Amino acid sequence: MDFLAILTNALRGALGPEAAIYALAAVGLNVHFGYTGLLNFGQVGFMLVGAYGTAISVLSFELPLGVGVLVGIACAVVLALILGIPTLRLRGDYLAIATIAAAEVLRYLYRSEWAEPLTGGVFGLKQFADGFFELNPFTGALDLGPFDFSARALWLMVVAWSAALLAAGFVGLLVHSPWGRVLRSVREDELAARSLGKNVFAYKMQSLVLGGVFGAIAGSLLAVNSQSLNPDSFMPIITFYLWTIMILGGASRVMGPILGSVVFWFLLTFLDSFLRQAIGAGLIPSSVLAPSDIGAVRFAAVGLGLMLLMIFRPAGLIGNQKELRLDVR
Amino acid sequence: MSGEHETSGEEVLHEREELAQAEHAIAESSPSVGAVRAAEALADVEPVPGVAKLDPILVADNVSRHFGGVRAVEVDHLEVQRGTITALIGPNGAGKSTFFNLVTGFDQPDSGSWSFDGTDITGTSAYRIARLGMVRTFQLTKALMRLTTLENVMLGATAQRGERMLVAPLRMVWKRQERDIEQRSDELLERFRLSHMRDEYAGTMSGGQRKLLEMARALMVNPSMVMLDEPMAGVNPALTQSLLGHIQALRDEGMTIVLVEHDMDVIMSISDWIVCFAEGKVIAEGRPSDIRTNRAVIDAYLGARRALPDRADTPKPVTEDET
Ligand SMILES: Nc1ncnc2c1ncn2[C@@H]1O[C@H](COP(=O)(O)OP(=O)(O)OP(=O)(O)O)[C@@H](O)[C@H]1O
Ligand SMILES: [Mg+2]
């Protein structure tokens, strides 16, 4: 077994554009849940409207890619308003139900025959991000011994990680302001916030929009990353990866989602490589585990890891363990 | 931290002394400016339910709220005189808290209307009512657990520039205001003896400390009227006395205080006016002296105690006979 190869693969996964994109979407989720206590189980829906908003603007309306991203953001704002206006005055579970349903409804809507002229239906969309790669300042591949990244990958990584870190930094600025204090008070007790003259509905709405916008940008980047788009890459499971990432890193921590994503992708790619190599080397007989089962097994292992984490570090890797011990009286 | 043990004895003595002083002050000293003013304003008011006041800050009309078949609140008319300490009393389940919830916008009535400071606020949302200057606390305290004590109190300040999302990232815009708010909060924490908890999570507080925190937080809003739902429940006697002192001081500064309280001693010693609820209705109101001898109050409120043989005919059953 080639441990160096396994490790480099894992690191590549941990630093790759996907990790950055998931980190960005999880930063949005952290605004929702970590700071405001909103139960958004449909973050992937925001990613979907962001991605399609971008691609459709470029392909059907021949707008520049940058404008496309803005259109994607606008779509997320509209989605947040549609979801928030009827539910945010009600108990928290209504938003949870609405978001989880909306994300699935959107996926079916975008893949329907009716929407095909714009969305390409089940066939999806392709080649809309040329504008992005034309801007690539990197001319050659980066070669650091066992590591090598193509110029294309480098450009994506730089942009995606910058976006994720900027988003986290922006959230950091926001939550350490009086605005963030109100947000956290809404998370703790809406009625108390209201009794002090805070317009709780408006704050929840702002939070939903902000987090959704981060989701939309993540979606745009995801689309750009693969230069192709298909409704079925926006399955509900992605939302749950994002929750895993946020909780793994530590909810209501500014850098929690970033760290969570890096660790999540490291473990995922590490296990993938490791199992592949182990099967290849005959260490695990293929009657026990076939290469086609690896995908499922690695997620089971991540689930196990998450369970252990919840037992030993319930507030996440960099979460404030003290916060969790506060009891409710 | 290290000096805690050495000073605790002294502190107890200090507290006891203060308690004695406070009791003395309340019982013996000539009434404060606010008390005199309140007494004058209420001098010619008949002690009958629904009576009109000279200068009411809160007026409620035909407010009713039913839960299924239960009549929780059914107030025909109630006025609260500005600048007084008005106590709401009544047996458990009489509808006091529900009445609070209704007028502060935390619950919707089946019918009725009410106004605050001359403005009709029927159906106005709770946060707007708070901004208008009517702030309430909750019977079951709502400490914001994962905010520090200081943050809890600072949250109460109104018109904070940094609370607008677009301004929030620009620290220089709200930095100075934030510092002022912090200073005011520290003063309030000092007043309520919570300074040592300043940077602790409110979730680590005891039940009584949470009551104090809630009151400090409500005062941070700078209200013209506070509605306190059992502010003294679970607060130790020494602190109760100093709380009473604070409440009176607030009244003297011109604030209107409505409080729900079960402790008759407290009620009788600090209220300017008492409103008695039973089964959702106002069955009596009046000065403490009126209430003490009011037949309806004794029947409704003290009914349970009257069943006890040795107290069968004591109008005010709590401590009168002990002294
Ligand atoms: N949310 C609710 N649902 C159903 N019934 C309620 C609700 N809130 C209050 N009630 C009922 O309304 C009546 C009045 O309750 P309320 O809490 O106002 O009493 P209270 O005077 O504050 O009593 P206490 O002194 O015990 O605090 C009670 O009979 C109670 O059972
Ligand atoms: Mg009550």
Side-chain angles (χ1 to χ4, degrees), chain A residues 31 34-37 77 89 166-211 213 250-253 315 319-329, chain B residues 101 104-106 125-138 140-148 151-171 173-175 177-178 181 200-207 210 214 217-218 220-221 223 227:
Chain A
V31 172
Y35 291 107
T36 325
V77 173
R89 286 184 209 278
L166 276 176
F170 185 62
V171 169
L173 270 183
L174 276 175
V175 297
H176 292 114
S177 74
W179 184 80
R181 185 161 60 215
V182 180
L183 224 55
R184 284 179 293 134
S185 77
V186 170
R187 174 191 71 191
E188 297 301 304
D189 197 316
E190 268 183 44
L191 292 184
R194 213 170 285 161
S195 77
L196 299 171
K198 311 301 174 199
N199 184 353
V200 169
F201 176 73
Y203 283 96
K204 285 200 211 169
M205 200 70 228
Q206 288 168 2
S207 164
L208 191 63
V209 168
L210 180 68
V213 164
S252 67
R253 293 274 122 177
N320 186 339
Q321 313 293 327
K322 204 167 135 196
E323 276 190 1
L324 224 69
R325 284 198 294 271
L326 299 174
D327 64 328
V328 181
R329 263 173 288 194
Chain B
N101 287 343
T104 52
F106 281 87
S125 48
Y127 82 92
R128 288 224 172 83
I129 292 179
R131 285 186 192 173
L132 284 174
M134 179 157 89
V135 177
R136 58 88 52 92
T137 65
F138 295 89
L140 299 174
T141 44
K142 298 188 179 300
L144 305 165
M145 307 277 196
R146 287 181 288 171
L147 265 63
T148 66
E151 284 177 318
N152 263 270
V153 178
M154 288 179 75
L155 183 73
T158 46
Q160 297 191 39
R161 264 178 238 130
E163 283 187 354
R164 274 178 314 202
M165 189 185 186
L166 297 178
V167 179
L170 309 170
R171 198 182 193 90
V173 178
W174 47 264
K175 205 168 126 196
Q177 193 190 24
E178 182 84 346
I181 292 171
E200 303 286 331
Y201 283 121
T204 64
M205 286 186 153
S206 74
R210 289 177 196 200
E214 258 213 349
R217 203 169 61 186
M220 198 67 193
V221 186
M227 306 193 69

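Remember, it's a predicted structure, so these values are computed and weren't measured experimentally. Hydrogens, waters and symmetry mates are skipped; everything else that's a heavy atom, side chains included, is used. Throughout, protein chains are lettered first and strands after them, A, B, ... in sequence-line order, and every chain is numbered starting at 1.
Atom CG of B:Leu166 is separated from atom CD of A:Gln206 by 7.5 Å, given to the nearest 0.5 angstrom. Considering CG of A:Leu191 and CG of B:Leu140, their distance stands at 11.0 Å, rounded to 0.5 Å. Atom OG of A:Ser195 sits about 4.5 Å away from atom CZ of B:Phe138, to the nearest 0.5 Å. The NZ atom of B:Lys142 sits 10.5 Å away from the CD atom of A:Glu190 when rounded to the nearest 0.5 Å. Rounding to the nearest 0.5 angstrom, the gap separating the CD atom in A:Glu188 from the CZ atom in B:Arg146 is 4.5 Å. Between A:Arg194 atom CZ and B:Ile129 atom CD1 the span is 11.5 Å, to the nearest 0.5 Å.
Ranking B:Gln160, B:Glu178, B:Arg136 against chain A, the residue ahead of the rest is B:Glu178, based on heavy-atom pairs under 4.5 Å. Comparing B:Arg171, B:Arg161, B:Met154, B:Arg164 by how many heavy-atom pairs each has under 4.5 Å with chain A, the most go to B:Met154. Per-residue heavy-atom pair counts under 4.5 Å with chain A were compared for B:Ala130, B:Ala218, B:Ala168, B:Ser125, and the maximum is reached by B:Ala168.
The two residues A:Ala192 and B:Leu144 come nearest to each other via the heavy atoms CB-CD2, 3.9 Å. Nearest heavy atom pair, residue A:Ser177 against residue B:Gly162, reads OG-O, 4.0 Å. Taking each heavy atom of B:Arg131 and A:Asn199 in turn, the nearest pair found is NH2-N, 3.9 Å. Closest of all the heavy-atom pairs between B:Leu155 and A:Leu196 is CD2-CD1, 3.8 Å.
With hydrogens and angles ignored, the 3.5 Å screen pairs no side-chain donor or acceptor of A:Lys198 with any backbone N or O of B:Glu163.
Using a 4.5 Å cut-off between heavy atoms, A:Phe170 touches chain B through its side chain atoms alone.
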